[in-house]
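Okay, structure first, notes after.
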There are 4 protein chains.
Amino acid sequence: MEFSSRQKQIIDASIELIARRGIQELTIRNLSEMVGISEPAIYRHFASKTEILLALLGFFGEQSEKTFKEIASRKASALNKLQAVFEHHFRYFGENSSFSAVLFSEEIFRNDSALSSKMFQIMQGARSHVLGFVREGQMSGQVREDIPADQLSLILIGALRLLVTQWRLSGFSFELVEEGGRLWEALLALLRV
Amino acid sequence: MEFSSRQKQIIDASIELIARRGIQELTIRNLSEMVGISEPAIYRHFASKTEILLALLGFFGEQSEKTFKEIASRKASALNKLQAVFEHHFRYFGENSSFSAVLFSEEIFRNDSALSSKMFQIMQGARSHVLGFVREGQMSGQVREDIPADQLSLILIGALRLLVTQWRLSGFSFELVEEGGRLWEALLALLRV
Amino acid sequence: MEFSSRQKQIIDASIELIARRGIQELTIRNLSEMVGISEPAIYRHFASKTEILLALLGFFGEQSEKTFKEIASRKASALNKLQAVFEHHFRYFGENSSFSAVLFSEEIFRNDSALSSKMFQIMQGARSHVLGFVREGQMSGQVREDIPADQLSLILIGALRLLVTQWRLSGFSFELVEEGGRLWEALLALLRV
Amino acid sequence: MEFSSRQKQIIDASIELIARRGIQELTIRNLSEMVGISEPAIYRHFASKTEILLALLGFFGEQSEKTFKEIASRKASALNKLQAVFEHHFRYFGENSSFSAVLFSEEIFRNDSALSSKMFQIMQGARSHVLGFVREGQMSGQVREDIPADQLSLILIGALRLLVTQWRLSGFSFELVEEGGRLWEALLALLRV
DNA sequence: AATGAATGAGGATTCATTCAT
DNA sequence: TATGAATGAATCCTCATTCAT
């Protein structure tokens, strides 16, 4: 999916808007004000509001997929790859605090089936990549095998999500990267044989 | 807080509405249709829409608090108490699938400060209770001490939340109680010394 | 017209409400809150909101008429009577600042013909009494005759009204009785032969 | 302040509405019907109802100020200027009977502080101009000096206002300009040395 | 004499979207 | 590529009033 610069501008503004003021404030009016064009002009670039959200999710999905693939291709141990996943996400959200609001608020996309299935797809992508790394770790003997890989993945992702959510709800009141580092240490201790 | 039967009816309808159709569909109109009275009639029982949501959260908060306190008072080991927390929540959400939609969707309450602080309060309550149980376990030698208690709590709650969220997003496509049981087994193995 | 004590209470509350918060805040709800009874209970005492306003105007009308008649019956010169009219009104409004808001805001009663004709009647009453005093003064040689009596009445009443209105709009920021005394001195100088 | 033609249309309709049916009937719905557009369309041209009333008062204020300044700049005696003020207002209201309903009904604007202060400002403007003319007359020896200028102004404006109010409440049942002429004659006789 | 529950009509305002230009 | 003007449907909420109790 290629987006024009105007389209990118609109997507960025959407993310900002959702992050700063919540999904209920993502209106065409607010969007057009933020971009600096008129309301109808928005419709020159996207057929509907849903289309904007779809593009937004597509953007996240692609980024996520790309990142996971890059990490997967590294010549490194499974635990190092998992660490990279954690570090990447904490750094990424830390720098783009707006994104977490969108990515961890599935509720937002409930009403439209196209949106919610796109969301589901992104979540599944991340899940299966993490699962792959965990399995890799178990096969290489780095990760404990007494617990099923899918449970471990669930625990890993659940912890990551909750930390980011707490960070966001607390008004970004702590250093996500640092706190994330501590969380990873804890998880590492749990995973290791 | 005591509620009249009509008020309870309105709260129930709100939960149903949020659960089935999402927060965006929680409108006074839909609510009044569901209850079977006119829109203005709603305002005889609650001063505003915010008041309804506040009552709804208050109801959840009280229930949650009561449950945690009951479990805390049991003569049982810390791990048994944690297990009880997990079992209770999975059974509870399993039976009232609507509730999870409300409780794990903090985004919903962002725009109103009264609501979001109430939500925060409920989350903090659960968090501190779980933390207490974990500490208890560490002191009694049941729970490993090489990982800080707050990290363990985060991991526990994060896993619980994510499982419920996946269950909900998948359209309740699996048995929450069973799957929750498996998750608890995994967590138990991780926690134990 | 005789009013029950509850009815008097309602009328008083109406005056207070109009005076303190304006006619737009004279709602059955606010009224019932102020009186301390339920909304339907208001309708036990008055058939409708219009009926309340009618009673309120009737009360003012009677008081006004009584006062004018009392003054008219005094054994005093015409100018003394006029002075009494001024003194009475300034003292009366000064003590019951609420009343001026009702009496000089004819706009309030426009929509209902029963109300506006009642209002008109009260105004006409005051007007004809003042006119009578002026004529009396002209006939007795106290008041200049080069200006028609009806013009003089208009000027007298207009000045009284404007002073009270300014006092009210300024938030009762000056001593009405004192300022009214000065105004009367000025008018007296104008009226005298 | 420049207004689009649609905005002028809306302001005109507001004046008409207030004049013909009273402030309580100045609703967005009635306004939109009168203008011949939908209710939301009104909001394309004014951000809120208050904004409409503010524009309306601004329009009156400007007109009033302009008129007073023009009269003040004339090479004429003070009494001639005062006469011009009276003639202008009676002619103006006679031709635009609607305006008096707005301008002399301060009660209307009580609830909104922005509106009531604008109203106060307009009133003060008129007051100080009249006061200036009276002082000018006293200094030039045209106007009697035994009565303070501010009392005379109050009397002048009070009489003007009351005549217009009576005219309006009587359903425009007499010729305002003629009757206003007679009133001015009376006032002139009072003012002159 | 009073009330709890209810309502039809209407209040201001916002929404996503369309259309002519 | 953009906009000014518009709108149907919906938002939350308030009003005076009624009715059964």
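Keep in mind that this is a model prediction, so the values were computed, not measured. So that the names make sense, note that chain A is the first sequence line, chain B the second, and so on, each numbered from 1. What's counted below: heavy atoms across the whole structure, side chains too, no hydrogens, waters or symmetry copies.
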Next item on the list: Tell me what A:Ile37 touches on the nucleic acid: a base, only sugar-phosphate, or nothing, going by heavy atoms under 4.0 Å.
Entry: sugar-phosphate
Notebook entry, point to check: Is there a donor-acceptor pair closer than 3.5 Å between any side-chain N or O of B:Lys49 and the backbone N or O of B:Leu26?
Noted result: yes
Note to self: If the cut-off is 4.0 Å, is B:His45 near the phosphate of E:dG4, judged by side-chain N/O to OP1 or OP2?
What the structure shows: no
Check: Looking at C:Phe60 versus C:Phe99, is the centre-to-centre ring distance below 6.0 Å?
Finding: yes
Check: Which residue, B:Gly36 or D:Ser48, contacts DNA chain E at a nucleotide closer to its 5' end, judged by nearest heavy atom?
Finding: B:Gly36
Item checked: Position toward the 5' end of DNA chain E (nearest nucleotide), D:Thr27 or A:Glu39 -> D:Thr27
Check: In whole angstrom, what separates C:Ile42's CD1 from F:dC15's P?
Finding: 14 Å
Margin query: I want to check something: taking the side chain as every heavy atom from C-beta on, are C:Ile37 and C:Gln9 in contact at a cut-off of under 4.5 Å?
Written below: no
Check: Where each residue is assigned the nucleotide of DNA chain F containing its nearest heavy atom, which of D:Pro40 and B:Gln24 is assigned the position nearer the 5′ end?
Finding: D:Pro40
Check: Within the pair D:Ser38 and F:dA6, is there a side-chain N or O less than 4.0 Å away from OP1 or OP2?
Finding: no
Check: If you look at every strand shown and take non-hydrogen atoms under 4.0 Å, does C:Leu26 touch a base, only sugar-phosphate, or nothing?
Finding: sugar-phosphate
Note to self: Nearest whole Å is fine: how far is E:dG11 C1' from D:Glu25 CD?
What the structure shows: 12 Å
Notebook entry, point to check: Roughly, in whole Å, what's the span from CG in C:Leu31 to P in F:dT17?
Noted result: 12 Å
Next item on the list: For B:Lys49 and for C:Ile28, locate the closest nucleotide of DNA chain F by heavy-atom distance; then report the residue assigned to the nucleotide nearer the 5' terminus.
Entry: B:Lys49
Next item on the list: May I ask which nucleotide in the shown strands pairs with E:dA20, Watson-Crick or G-U wobble, both distances under 3.5 Å?
Entry: F:dT3
Next item on the list: Describe, in one word, how the ring planes of C:Phe46 and C:Phe3 are oriented to each other, choosing from parallel (under 30°), tilted (30 to 60°) and perpendicular (over 60°).
Entry: tilted
Margin query: Does the structure show a Watson-Crick or G-U wobble partner for E:dA1, both distances under 3.5 Å? Name it, or say none.
Written below: none
Checklist line | N/O (side chain, C:Arg29) to phosphate O (OP1/OP2, F:dC15) under 4.0 Å | finding: yes
Notebook entry, point to check: Are the side chain of C:Glu39 and the backbone N or O of C:Ile28 linked by a donor-acceptor pair below 3.5 Å?
Noted result: no
Checklist line | Pairing nucleotide - F:dA10, Watson-Crick or G-U, each distance under 3.5 Å | finding: E:dT13
